[in-house]
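Supplied in structure tokens, the structure appears directly below.
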Amino acid sequence: MVQLLFAGGNFTGSSSGLSGFDSFDISVPVWFWIAGGLLLVLAAGALRFVASDAGRVLVAIRENEQRCQYLGLDTPSFKIKVFMATAAICAVAGYVFACYTTVVAPEQAGFVFGTELVIWTALGGRGTILGPVLGAILVDYESAQLSGDYPFVWALIVGLVFVAVIVVFPRGLLPLLGSALRLIRRPAPPAPPVLVELPAHAAAATGAHPALAITGVARHFGSLKVLEGIELSAAAGELVSLVGPNGAGKTTLIRCIADGAERSAGQIAIDGVEIGRASPDRCVRLGVGRKFQMANVFDTLSVADCLRMARIRHGFPSALRRESTLALPGPALRVIRATGLDQALGTPARLLSHGLKQALELAMVLALEPAVLLLDEPTAGLTKAERTLIGSILVALAEQERLCILLVELYLDFVREISSRVIVLHQGRIVLDGSVETVVNSELVRQIYAGGGHGIEAAA
């Protein structure tokens, strides 16, 4: 970009920059009042936006972009829009600064200025709005004082302070001050939103096609064949468990269904519609909901905000306020009420137990209103009581909501009582597809699990 400016001749001013253009006849103090007023307006607007429901979306993308994509959010589009908005703000700021200095030169936006931006943000507090504002004012003021008192070493002093703050207070000064104020005076927690149940909707699957149809799916990593020739179908209302030893390719198959770019060959259709090479957010729009093996939520957001993220694709939230209600479909509501999450809507997700995090992610996926529900070991790390509760919920989802559920599990002691049928995957291929009893009593399956001391033999 700098080279383009240098090669622009009279149009860009080359290395000397542009000067001599018309400006406003305003005194220096007035220019400072204008800059300060614009700063206040921008900071107030940014604070208002970040505190709104729409601002929570940007926080979620910053924290866990992958989870956002699997909730149906087109994160690249969101980031482009934010970039365009900030570019417009920068253009206005540049115009005001150019009118003040009456000179526009490449050096004004060079390496030094870029370094100053990092210092302002790091010292003030990254991930905050007021932190960089206060950091810019403090650093510029102190730099002006130091450059007069210590003209040869002031830059070194600023650099040493910057390094010290980064080492001692990696989050910056403003978060430290905020934590201290919260210890002195604990603010009252905001009122939790009121839960509202959305009207029941017709299932996405029409019955004319299988809810999930997989034909000849393969996944290769170079010469390594993780999946080969996978053929299966599942109808609405079926709870199909996918079992097999570690390394069989179960999670890889889940990824292929939830992300069209994952598979190397074959076809996958949701209610007769090919997913092609669709991205995860487009697969969600086709009716796919995926729960990860490890609870994948937004740790810094509250339980209510995590659930709101799953409803973004159904209607973009307000950029000015927080809604006092939280509207969720019936299945998601039943999960949070059964697990007690309805009493912890204002609690940050990071403070939840492992079992409640698993339940929260399941509720988030159900809030998408999927037709095909992909669950990757949802009971991993749960107690027996928690596994029983999750199992009863899954059975109700299949029977009452007519969801097509593909459940990945390592052990049959959980799936044998809830599954419509069981598919055994071994070395990237389906070796058996039948009822639970057929699979449990299969000698082939016993041989696959031989030596493990768990799984099918433990359940038999």
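What you see below is based on every heavy atom in this structure, not just the backbone, and it leaves out hydrogens, waters and symmetry mates.
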Return the set of residues passing side-chain contact (heavy atoms from CB on, under 4.5 Å) with S324 (not counting sequence neighbours), or none when no residue passes.
-> none
Tell me, please, whether F169 has R171 positioned over its six-membered ring: NZ or CZ under 6.0 Å from the ring centre and within 45 degrees of its axis?
-> no
Steps toward side chain to side chain contact (heavy atoms under 4.5 Å, CB included) verdict (E231, I430) | CA-CA 8 Å; E231 304 267 351; I430 294 177; 5.7 Å; no
Begin from the C-alpha positions of R311 and E369 and carry the test salt bridge (Lys or Arg N to Asp or Glu O under 4.0 Å) through to its verdict.
-> CA-CA 9 Å; R311 300 298 302 172; E369 301 180 89; 2.9 Å; yes
Exam field: side chain T121 to backbone L117, donor-acceptor pair closer than 3.5 Å | yes
Please indicate whether E417 has more than 12 foreign heavy atoms, meaning atoms of other residues, nucleotides or ligands, lying under 6.0 Å from its CD.
-> no
Side chain to side chain contact (heavy atoms under 4.5 Å, CB included) between N441 and T438, worked out = CA-CA 5 Å; N441 297 321; T438 300; over 6 Å; no
Could you tell me whether the side chains of T379 and E409 share a donor-acceptor contact shorter than 3.5 Å?
->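 Looking only at side-chain atoms, E409 and T379 do form a donor-acceptor pair, the distance falling under 3.5 Å.
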Contact summary for V415 and V436, nearest pair of heavy atoms |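 Looking at all heavy atoms of both residues, the closest pair is O-CG2, 4.2 Å.
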Lys/Arg N to Asp/Glu carboxylate O, D53 vs R321, below 4.0 Å | no
So, E361 and R67, do they make that salt bridge, N to O below 4.0 Å?
-> yes
Using modelled atom types only, decide if a donor and an acceptor are shared between the side chain of R387 and the backbone of P378 within a distance under 3.5 Å.
->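 No, the answer is negative, given that no donor and acceptor are paired below the 3.5 Å cut-off.
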Nearest heavy-atom contact between D281 and G72 is CB-C, 3.6 Å
When you measure from the side chain of K225 to the backbone N and O of A218, does any donor-acceptor pair fall under 3.5 Å?
-> no
CZ (R48) with more than 12 external heavy atoms under 6.0 Å |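 Atom CZ in R48 is not packed in, count stays at 12 or less.
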Any idea which heavy atoms bring Q358 and L382 closest together, and the distance?
->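 Closest pair (atom of Q358, atom of L382, distance): CG-CD2, 4.0 Å.
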Got a sec, which residues hit ring pair (Phe, Tyr, Trp, His ring centres under 6.0 Å) with F162, two or more places apart in sequence or on another chain?
->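 Listed in chain order: nothing, the list is empty.
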Considering all heavy atoms of both residues, which atom of A367 and which atom of P329 are nearest to each other, and what is their separation?
->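 Smallest interatomic distance, heavy atoms only, reads CA-CG, 3.7 Å.
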When you check the side-chain N and O atoms of T75 and E65, is any donor under 3.5 Å from an acceptor?
->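 Yes, a side-chain donor-acceptor pair sits under 3.5 Å.
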Just by distance, with hydrogens left out, do T251 and D376 show a side-chain donor and acceptor under 3.5 Å apart?
-> yes
Would you say S52's side chain and G55's backbone share a donor-acceptor pair under 3.5 angstrom?
-> yes
Q267 side chain to E274 main-chain N or O, any donor-acceptor pair under 3.5 Å?
->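 Not a single qualifying donor-acceptor pair exists.
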Charged tip of R416 within 45° of F414 ring normal and under 6.0 Å | no
Write down the atom of A234, the atom of E238, and the distance for their closest heavy-atom approach.
->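 Closest approach of A234 to E238, heavy atoms only: CA-OE1, 3.4 Å.
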Any donor-acceptor N/O pair, R277 side chain to G260 backbone, under 3.5 Å |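 Side chain of R277 to backbone of G260, a donor-acceptor pair under 3.5 Å: yes, one is there.
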Once you round to the nearest 0.5 Å, how far does OG1 of T215 lie from CD1 of I268?
->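 It comes to 9.0 Å.
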Only one of H220, R219, Q427 passes side chain to side chain donor-acceptor pair (under 3.5 Å) with E228; say which it is.
->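 The single option meeting the side chain to side chain donor-acceptor pair (under 3.5 Å) with E228 is H220.
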Which pair of heavy atoms, one from I257 and one from I275, lies closest together, and at what distance?
->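 Closest approach of I257 to I275: O-CD1, 3.7 Å.
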